[in-house]
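Right, one structure below, let's go through it.
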Amino acid sequence: MDKERSFYERLKEKGVSRRDFMKYCTALTATMGLSAAYVPKVAEVFAAPAQRPPVIWLHFGECTGCSEALLRTQYPYIDELVLEVLSVEYHETIMAAAGHQAEEQLQHAVEKYNGKFICVVEGSVATKYNGGYGKVAGRSFLEIAKDVCPKAAAVIAIGTCASYGGIPAAAPNPGGYKGVGDAIGIKTLNIPGCPPNPINLVGTVVNYLLLGKLPDLDESGRPLFAYGKTIHDQCPRRAHFENEEFVEEFGSEEAAMGYCLYKVGCRGPETYNNCPIAKFNDGTSWPVEAGHPCIGCSEPNFWDTMTPFYEEM
Ligand code: FSX
Ligand code: SF4
Ligand code: F3S
């Protein structure tokens, strides 16, 4: 109870009311596909976590947009969100340590939590030339992944790069970049998107803490609660698609009227993600709502299969 009280006090100090927090928990519970009866339990996971699983967060070939997306989760604030429910032992972007000290911290965390930590991987792994196309502190991504990932209780690939290769793996892919699972031959839970929606990582972790297991996955390793339906099937412009009301040119009257973006290249019909429901930046908007076609950023090999963008499929 005390733990809980101080959590709400800390939120209040940051200008977040209990009511706002409950609103967030309601949205998160719905995203996870759980009934409203779970909302108080979801709130409890943040307010009074029974356990804080240790997390080792690795960075490989990527733009760090995945971390950026997570760090821009204003609500609940990143420290409340991540540091209250997870014990982040290593994360290059947000840790204070640098250089040799950081390397020591990684080794120390892997040894201390061997078999118990969640490994979150951001970015893809160079596999050609013995992994020579991507290194941290003189060790290749490949070597680090082979060393750290098998010691984890679960490996979560965050972003399309870590899940399937992403932009570093785009043709002609000289470095032989692959998603981390493919690169070292392990199964990963994938949260693709370039960048992914942070709520889907939070939902996965809360699912684990609440129900004691990872969520159900599709055959591409994606949680079904987030990637079970296409963008097209959840799109508010769908009626325009059915009525054959299309935007033919950006900046046109049809664009202003919010017509369907299919003819200017929307890949919503073949992209599985929950962007229309979850939205980004605390539910502010998402690509199609902002007038931009979906480019299929959460699908495997989208840089090769979905391009040229802005042309009808
Ligand atoms: Fe990849 Fe993450 Fe795209 Fe970037 O770091 S999924 S390039 S938005 O962000 O890995
Ligand atoms: Fe489908 Fe895209 Fe049109 Fe929405 S804008 S209805 S996702 S084609
Ligand atoms: Fe990506 Fe399409 Fe959503 S481009 S962010 S999957 S709308």
Side-chain angles (χ1 to χ4, degrees), residues 57-72 91-94 120-125 134 141 156-170 177-180 188 190-201 220 222 226-227 229-248 250 254-255 257-281 284-303 305-307 309-313:
W57 190 298
L58 300 176
H59 284 271
F60 296 141
E62 32 88 339
C63 78
T64 312
C66 305
S67 280
E68 284 291 334
L70 183 75
L71 296 168
R72 292 300 173 274
H91 186 305
E92 285 155 17
T93 320
I94 56 174
V120 178
V121 178
E122 180 173 346
S124 49
V125 177
F141 298 157
I156 298 179
I158 181 118
T160 303
C161 300
S163 301
Y164 312 120
I167 194 168
Y177 269 91
K178 290 181 179 173
V180 65
T188 54
N190 299 326
I191 303 184
C194 190
N197 195 319
I199 203 164
N200 294 333
L201 174 68
S220 302
R222 305 179 283 198
Y227 302 91
K229 289 187 195 149
T230 63
I231 297 288
H232 191 57
D233 281 344
Q234 307 164 86
C235 183
R237 298 191 185 208
R238 181 63 183 265
H240 292 303
F241 176 87
E242 301 302 337
N243 292 337
E244 297 183 23
E245 292 164 348
F246 297 111
V247 173
E248 309 258 356
F250 291 111
E254 290 76 19
M257 288 192 290
Y259 279 9
C260 170
L261 298 164
Y262 186 77
K263 292 202 171 167
V264 283
C266 188
R267 305 292 188 252
E270 42 183 329
T271 302
Y272 290 82
N273 208 338
N274 59 353
C275 314
I277 311 299
K279 302 188 181 181
F280 286 84
N281 298 328
T284 306
S285 192
W286 63 287
V288 169
E289 187 174 333
H292 194 283
C294 169
I295 60 169
C297 79
S298 52
E299 290 300 311
N301 309 318
F302 81 100
W303 290 103
T305 58
M306 303 288 186
T307 44
F309 300 136
Y310 307 112
E311 276 177 28
E312 193 178 327
M313 287 198 290

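We count ligands from 1, going down the list as the structure has it; atoms in each ligand are counted the same way. All residue numbers refer to positions in the sequence shown, counting from 1.
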Inset, instruction - List in chain and number order the residues that pass salt bridge (charged side-chain N to carboxylate O under 4.0 Å, His left out) with Glu311, two or more places apart in sequence or in another chain; answer none if no residue qualifies. - result: none
Legend entry - Side chain to side chain, Ile295 and Met306, heavy atoms closer than 4.5 Å: no
Inset, instruction - Using atom types as modelled and distance alone, determine if a side-chain donor or acceptor of Asn197 lies under 3.5 Å from a backbone N or O of Ile199. - result: yes
Inset, instruction - Specify whether His292 and Phe250 have parallel, tilted or perpendicular ring planes, treating 30° as the upper limit for parallel and 60° as the lower limit for perpendicular. - result: parallel
Inset, instruction - Look at the aromatic rings of Phe241 and Phe246 and report parallel, tilted or perpendicular, splitting at 30° and 60°. - result: perpendicular
Legend entry - Every residue of the protein that comes under 4.0 Å of ligand 3, judged on heavy atoms: Ile231, Thr271, Asn273, Cys275, Phe280, Trp286, Pro287, Cys294, Ile295, Gly296, Cys297, Ser298
Inset, instruction - Can you list, by chain and residue number, the protein N, O or S atoms under 2.8 Å from atom 3 (Fe) of ligand 1? - result: Cys194 SG
Legend entry - N, O or S atoms of the protein lying under 2.8 Å from atom 1 (Fe) of ligand 2: His232 ND1
Inset, instruction - Check whether the side chains of Thr271 and Asn273 place a donor and an acceptor atom closer than 3.5 Å, and report yes or no. - result: no
Inset, instruction - Assess the side chains of Thr305 and Glu299: does a donor N or O sit below 3.5 Å from an acceptor N or O? - result: no
Inset, instruction - For ligand 1, find out whether one of its N or O atoms is nearer than 3.5 Å to an N or O atom of Ser67. - result: no
Inset, instruction - Starting at CD of Glu254, measure out to CD of Glu245 and round the result to the nearest 0.5 Å. - result: 9.5 Å
